[in-house]
Every structure is written in C-alpha cells, then in structure tokens.
**Student:** 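Attaching a single structure in structure tokens format; questions to follow.
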Amino acid sequence: WYQRRVREAVVSTQSTGRNQDYRDIFTKMRFDNDETNTLKNCDIVVWIGDLNYRVSEEEMTGEEIRNLAEKWEIGPLLRHDQLREQRNKHLVFEEFVEDTINFMPTYKYNPGTDKFDTSEKCRAPAWCDRILWKSNTVLKCEDYRSHPIHKLSDHKPVSAVLLVQTRVVDIPKKQVILDEILKNLDRIANDSLPQAALNRTELMFDGVKYLEAQEQPITLQNTGTDLFEFEFIPKLEDRSICAPWLHIEPQKGIVDPGNVMIINFTVYIDNKGLKTIGEDRKLDEILVLHLVNGKDYFISVSGYLVQTSFGKKITDLVRMTDPVRKQNLLVDIDQAVDGIVLDKESPVALNIPKELWRIVDYLYQNALFEEELFAVRGSPIDIGAVRDAVDTDGPIRVSSIHSVAESLILFLDSFPEPVIPYEHYPMCLEHCTHFANSKRTLRSINFSHRNVFKYVCAFLREILTHAERNRANPKFLSQVFGDVLLKPQLPEAGNVAKSTSKKRSLFVYQFLTNDYDE
C-alpha cells in the first residue's frame, strides 16, 4: 500500500501543471533507495490528497457554479470537473479508479461554516479533495463520502472504505513445505560435503627434551568423490593455530579423491616454548583441522617435558644442590619447587647455579685460546649432550667447543627472569655509559642474579686477557651477551629496539673493560 498526501498547482486553469505533478511523483518515487522499487511495482496504490483540480469555468462562471452547488445540482458540475476531463483524455491517473461522487464540492468554504467562499477572491466550489486507487487484486469501494461536519478548514475532508482481497498464508502448510525443502537441501549439502578420514586424532609425546625434536605423523585420507582443501585454523579467541613448541607440516593443502596426505607434527621446545609450559611440564594442545566447506576435526596433542635446568629461575637453581634429574622426590611437598627438592638448611645453597659453573668451567679449561668463540654455531647433538650432562651431573663430551659456547648463551637466555631483572632494566640502560653508576645499579640487584652477572663478566674478561691468541673483541662480546643478560619485559621494535640493544651492549661493555669486584 502506498498513501500520498499532496497539494498540487493552485490556479484552476493549470490542469497541465497538475498533470505534470502527478507524473513526477509517480515516476520518481522510490522505496528504500532502490531504483527498481517504484510505484509501478506496488500491488495496490491509493492516492489521497488535495489534488487541486477545479470545476472548469470555460462554459460556466464562478457564480453559476456556486448557484448549482448550493442547489445540490452536482451532475452538471461533475461534467466539467477538470480531473474527470483529464482522465477521459488519458492525460493523468490513467490506471486509477475513483468511485462515484455523491457529495457536495469539498472546496472552498468559509472556515468554521458550511458556506462557500465569500472572501474577496470568492473561489468557485470544486472537488479538490479526492481518493483514487489502482490495484492488481480485487478491490471494492464500500463507501466514498465527504464529512461536512468538520469545519476547521476551508476544505471538507473525504474518506473511502475499501475492501481488498489479499492472500493469506496457510502457516501449518507452509511449515510442512519448508521442512521438506530444508530436508532436501540438507541431503544435497551433505552429499556435497568433503569426506575425510584420519588414522588417529590423539598424539602422545613421551619424554620430550629441551632443544630435541620429536615427530609423529597423521594420515588424512579423502574418502569422498571430490577433491577437498584442508587447513589448520586457530581455536576461538586464539591468534595462532598451535602453541610455539609445536610445528605442523603442511598446515594446509589439497587432497584428491582416494589419495592420502601425511601431516607431520613436530614438538620442539626452545627458549620461547619453555616460557609457555607450566611448572608441571605438561604439554597439552588441541588443534582444529578444518575442511573447507566441510566439518572440523579436533586433534589432541599431549606429552611432558623431561626435567631440565634450562628454563628454570636462577633463585631456584641456586637452592638445588643435586642435578635436576637426580633429586630425591620422596620428601615433603613443601620442600619442593616444580618437583625439585631444595636445600633444607639454607634458602640459598649455592652462589651461582652449578650448571652455569660446569659450562663456564669447561670453556675455561678448553676454550680460552679458541678463535671466534660465541661467533660459530654449535652442533644440535652436542648441545643436547651438554644439556644432559649438566642435568645429570655426567661428563661433557662434545665434538666442538663452539657447542658448549652456544649452550652457555642458551642457558643464560632461558631464565624466565633475565639475569638483570626486569625492574632494574630501565636504570641499567640509563647508566650504560657511566661505570660508577652502573656498579651502583648492579648492587641493588638481588644476590643470586648479581652473582651470575659478575661471574659471566669475569669469565669474559678472562677470555679478553688472551685476545692476542683468541682475537676476542670486547665490543663483540658485549653485543652477544648484552642481549642475553638484559632483556625488556615487553617486545620492542624498530628504532627503539636498535637503540636499547646498543645501550644493553654498552652496559655490559663497562664490566668487560673495567675490573669489578665487590
């Protein structure tokens, strides 16, 4: 339905202007800013308004029109009604219908009375107010009248009672049909869904060691008739598809009908992964394997990390008198941290972690004259051997001294709280060029962390005393150990990261080029 109230051209001789007003409205009206949704598309249009068509005064004067109207002789007046004349000429409202007019002209009255206009202009009576309609369905007018009782305006309002035949939806029948359609659509959709099978959905990694990869495969088979595409996707509210200690290859791919894709899952725990593993050392992850336009499969990955000194707090390591894998576990739980028994006699049993001493002592005994120390990468197998040796108190046996050097850097970098604690980091950067202030800042650091820093710097100074043979450079060593001993609590990037890295290096440089002992 569309209802339009409109006042069009005023002067009785301007039928052409009124016709144009109608055409403008009918052709230009749009719904919902849709160029295709016009009045022509409506099933029913009811046009209600002061259309301002008058009784033509070409053959009758205004006085004659008034006299006939006052005598209720409306037949002669309607024969000269401008709207009828224009419609008969097919110039306006061509498809519209109007019921028979059996009421007095609706215009123009003295407001508050039933008397036609007696003002200076003395307008002739006319049927300005009209109701017309066009319909694509059955429509019947039950009543079309004016309401002279209303005298507020100089017009008399008109009304029409229209009976319209409309379509009624059979709700129960509609629901039956809709259910049937949905069933058919579901069947079609299920038939077209990718069909896949996994040989297993649970992976258990036993005894995972730090920096030692374990790998297990899963086979993904296409059991359908069409190829499908798969990918691993993040769980809800996650940004990555898996924990940093887990690697998946491939993470996405296409499998042809009848073919099998082997997906490899590798657990590799480095220093970044260590920080995401709890004190219980349990590995626990749920992966979402998504078939594009298909279902999701959930793969469980679990396991545990073998006990290691790498990744433990300095304050815990100095209280462990035995290697981490040789601790007596048959003690009161209150005396243990992360399953490791602590020395009962003293809150601090060692000046520095014994593991740090073992690695540095090995380098002291075997590497003081080695060139490019800390510049050459070590062997992963050798680094694993160093790890096992310090965790079990076994002998260090390696093929390359550089593997032990890299193990030292990895060990220092693995502490959850850096050697220079986060709270002292800003002050160290501030005093990085002033040795006296740097020493004062170092004294404010807790005993165990300060000892580790002093011990490492003393060892590096010892290396530098043999620079003629090992070609050691204090600037290079400061750069390497500056980014290990001092670390920001939040990630840095761009120019900020470059600036702070230089300051970290300068801070360490002060302690490599100056003798320091409290």
**Student:** Just by distance, do the side chain of Gln214 and the backbone of Phe205 share a donor-acceptor pair under 3.5 Å?
**Tutor:**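 A pair under 3.5 Å: no.
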
**Student:** With heavy-atom distances below 4.5 Å as the criterion, would you say the side chains of Asp256 and Asn222 are in contact?
**Tutor:**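 Of all side-chain heavy-atom pairs linking Asn222 with Asp256, none is under 4.5 Å.
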
**Student:** Can you give the donor-acceptor pairs under 3.5 Å from side chains of residues 259-275 to other protein atoms, not counting sequence neighbours?
**Tutor:**
unit_1	atom_1	unit_2	atom_2	d
Thr266	OG1	Glu215	OE1	3.4
Asp270	OD1	Lys272	N	3.2
Asp270	OD1	Gly273	N	2.9
Asn271	OD1	Tyr210	OH	2.6
Asn271	ND2	Leu410	O	3.3
Asn271	ND2	Asp413	OD2	3.1

**Student:** What I'd like to find out is whether the side chain of His80 reaches to under 4.5 Å of the side chain of Glu85, using heavy atoms alone.
**Tutor:**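 The answer is yes, as the side chains (C-beta and beyond) meet within the 4.5 Å cut-off.
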
**Student:** Consider side-chain hydrogen bond (donor to acceptor under 3.5 Å, both in side chains). Of Gln489, Lys487, Arg504, which one does Tyr425 pass it with?
**Tutor:**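 Of the listed residues Gln489, Lys487, Arg504, the side-chain hydrogen bond (donor to acceptor under 3.5 Å, both in side chains) partner of Tyr425 is Arg504.
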
**Student:** Mind running salt bridge (charged side-chain N to carboxylate O under 4.0 Å, His left out) on Glu406 and Arg377 for me, showing each step along the way?
**Tutor:** CA-CA 7 Å; Glu406 184 173 353; Arg377 297 297 303 270; 2.9 Å; yes

**Student:** So that I can tick it off, tell me whether Lys235 and Glu237 are bridged by a salt bridge, with the cut-off set at under 4.0 angstrom between side-chain N and carboxylate O.
**Tutor:**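 No, this pair does not count.
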
**Student:** Closer than 3.5 angstrom, by distance alone: can the side chain of Tyr144 be matched with the main-chain N or O of Glu98 as a donor-acceptor pair?
**Tutor:**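 Such a contact is absent between Tyr144 side chain and Glu98 backbone.
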
**Student:** For the pair Asp43 and Arg167, find out whether any cationic side-chain nitrogen is under 4.0 Å from an anionic carboxylate oxygen.
**Tutor:**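 No, Asp43 and Arg167 are not salt-bridged.
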
**Student:** Is any side-chain heavy atom of Thr38 closer than 4.5 Å to a side-chain heavy atom of Arg30?
**Tutor:**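 Result yes, sub-4.5 Å side-chain heavy-atom pair found.
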
**Student:** Any ion pair linking Lys151 and Asp114 (charged N to carboxylate O, less than 4.0 Å)?
**Tutor:**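 Judged by the 4.0 Å cut-off on N to carboxylate O distance, Asp114 and Lys151 do form a salt bridge.
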
**Student:** I'd like to know if the side chain of Lys156 reaches the main chain of His150, judged simply by a donor and an acceptor atom lying under 3.5 Å from each other, with no hydrogens or angles considered.
**Tutor:**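 Yes.
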
**Student:** Report yes or no: does Tyr107 contribute a side-chain atom to a donor-acceptor pair with the main-chain N or O of Asp50 at less than 3.5 Å?
**Tutor:**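 Not confirmed, Tyr107 side chain does not pair with Asp50 backbone.
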
**Student:** Can you confirm whether Ile445 sits close enough to Pro421 that some side-chain heavy atom of one is under 4.5 Å from a side-chain heavy atom of the other?
**Tutor:**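 Yes. Closest side-chain heavy atoms under 4.5 Å.
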
**Student:** Is the distance between the ring centroids of Phe93 and Phe26 under 6.0 Å?
**Tutor:**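 Not close enough - the centres of the two rings lie 6.0 Å or further apart.
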
**Student:** Under a 4.0 Å threshold between the charged nitrogen and the carboxylate oxygen, would Glu94 count as salt-bridged to Arg23?
**Tutor:**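 Between Glu94 and Arg23 there is no salt bridge, as every charged N stays at least 4.0 Å from the carboxylate O atoms.
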
**Student:** So, do Thr137 and Val164 sit near enough that their side-chain heavy atoms are less than 4.5 Å apart?
**Tutor:**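 Yes, their side chains come closer than 4.5 Å.
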
